[in-house]
2 protein chains.
Amino acid sequence: MRVPLYQAKAELFRTLGHPARIRILELLSERDHAVHELLAAIELEASSLSQQLAVLRRTGLVRQQRIGGEVVYSIVVPATIDLLSAGRNVLRAVLADQDHLAEQLDPPPSPSTKGARRPATAPLTPRRKTRSA
Amino acid sequence: MRVPLYQAKAELFRTLGHPARIRILELLSERDHAVHELLAAIELEASSLSQQLAVLRRTGLVRQQRIGGEVVYSIVVPATIDLLSAGRNVLRAVLADQDHLAEQLDPPPSPSTKGARRPATAPLTPRRKTRSA
DNA sequence: TGACCAATTGCGCAACCTTTCAAGTCTGGC
DNA sequence: GCCAGACTTGAAAGGTTGCGCAATTGGTCA
């Protein structure tokens, strides 16, 4: 595979770019889980969960094995745990940086809901532009 | 919102889920770059590059500042470099794991054992068509 | 001031991802 | 053998993303 390995890297990160998949990996970081256990821990429909598991399987991040009547998933590469951890670090730093910036601005807007740190300077949310169809 | 956390993490990873953005971050990991420098290093149209930079800016991973006649970008959070590094580690391990499996599949299929399961491991290869690379 | 250059933004189209419903496979128990 | 439970797969709908072109903005320099 000599195609730009940027492609491969991007694909790896994109695989982690889904809340359910992140959560699955975090659960599997603690210990192996059967599908129905994951299902109980994550609010998701069975088929959706299965789809996400398939994505993780396809990129080689997790492995499945049948044990009796259930299918148990486990992490293939331990380094994955470090990757998740590194992600948390970056997220923490970015949010801290944004809060820091926020403090230098005028008093905050109407705080109807707290707990959400999203300074207008650089919201972590993607784009929400015109909606008209 | 009890758990916008996974959402935020997923967004962070998804931000890295694009070849151009990975490449940009890797270049910026070495040193600050002006936009035209990035443009020279990455095969991409100016407007596309600008859009990817905007994505990175929105998530707070990079910062822009005007210096003379050019705009210079730099990494905001140093931990980002570690994140990229962690990604490389995982990718390396996953690919190694797949190669390892591939070696065991060399002999042609002679299925006779009932308990044998299918490989269940697909290469990291994308099915998406690459229009240019 | 006005020409110019570096970057960015708006927009339409095509490709892509996620969710959901329906149907299928595999195991163990009756 | 047949049924129920645990999972997976296939396909369609709906929303989102990325790319290239054209149009603009912001700033520098003659």
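Being a predicted model, the structure only gives us computed values, none of them experimental. FYI, side chains are in, hydrogens and waters are out, and symmetry mates aren't considered; it's all heavy atoms of this structure. All chains are named by letter (A, B, ...) in the order of the sequence lines, taking the proteins before the strands, and each is independently numbered beginning at 1.
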> Heavy-atom distance under 4.5 Å between the side chains of A/Asp82 and B/Val90, does that happen here?
no
> State whether B/Tyr73 places a side-chain N or O below 4.0 Å from either non-bridging phosphate oxygen (OP1 or OP2) of C/dT8.
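Answer is yes, contact under 4.0 Å.
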> Under 4.0 Å between a side-chain N or O of B/Arg14 and OP1 or OP2 of D/dT16?
no
> Indicate, with a heavy-atom threshold strictly under 4.0 Å, whether B/Glu45 touches base, sugar-phosphate, or nothing.
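Result for B/Glu45 = base.
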> Give the nucleotide from the list C/dT18, C/dC11, C/dT8 with an atom nearest to the side chain of A/His18.
C/dT18
> Can you tell me if B/Ser48 touches the phosphate of D/dG20, counting only side-chain N or O atoms and a distance under 4.0 Å to OP1 or OP2?
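The answer is yes; a side-chain N or O of B/Ser48 sits under 4.0 Å from OP1 or OP2.
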> Please report, rounded to the nearest Å, how far the P atom of C/dT20 is from the CD atom of A/Glu43.
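Going from A/Glu43 (CD) to C/dT20 (P), I get 12 Å.
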> Take the protein atom CG of A/Leu39 and the nucleotide atom C1' of C/dT19, then report the distance between them rounded to whole Å.
15 Å
> Rounded to whole Å, how long is the line connecting atom NE2 of A/His36 with atom P of D/dT8?
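The distance from NE2 of A/His36 to P of D/dT8 comes to 11 Å, rounded to the nearest Å.
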> Roughly, in whole Å, what's the span from CD in A/Glu11 to C1' in D/dG18?
15 Å
> Rounded to whole Å, please give me the gap between CD1 in B/Ile42 and P in D/dC19.
11 Å
> Check for a donor-acceptor pair, side chain of A/Thr15 on one end and backbone N or O of A/Glu11 on the other, with a separation under 3.5 Å.
yes
> Between D/dA22 atom P and B/Gln51 atom CD, what is the distance in whole Å?
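In whole Å, D/dA22 P lies 15 Å from B/Gln51 CD.
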> Give a yes or no on whether a donor-acceptor pair under 3.5 Å exists between the nucleobase atoms of C/dG28, that is its base, and the side chain of A/Glu70.
no
> Which part of the nucleic acid does B/Gln64 contact within heavy-atom distance under 4.0 Å: base, sugar-phosphate only, or nothing?
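Touches sugar-phosphate only.
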> Assign each of B/Arg66 and B/Ala54 to its nearest nucleotide of DNA chain C by heavy atoms, then name whichever residue's nucleotide is nearer the 5' end.
B/Arg66
> Tell me which one of A/Gln65, A/His33, A/Arg57 satisfies side-chain hydrogen bond (donor to acceptor under 3.5 Å, both in side chains) with A/Tyr73.
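Per the side-chain hydrogen bond (donor to acceptor under 3.5 Å, both in side chains) rule, the option paired with A/Tyr73 is A/Arg57, out of A/Gln65, A/His33, A/Arg57.
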> Counting only distance, no hydrogens or angles, is the base of D/dC7 paired donor-acceptor with the side chain of A/Ser47 under 3.5 Å?
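Result: no qualifying N/O pair found.
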> For the residue pair B/Val76 and B/Gly60, what are the closest heavy atoms and their distance?
CB-O, 3.6 Å
> Rounded off to whole Å, could you give me the CG-to-P distance for the A/Leu44 and C/dC21 pair?
13 Å
> Are the side chains of B/Glu26 and A/Lys9 in contact, using a 4.5 Å heavy-atom criterion?
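SC-SC contact between A/Lys9 and B/Glu26 confirmed.
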> Taking CD from A/Gln52 and C1' from D/dC7, how many angstroms apart are they, rounded to a whole number?
15 Å
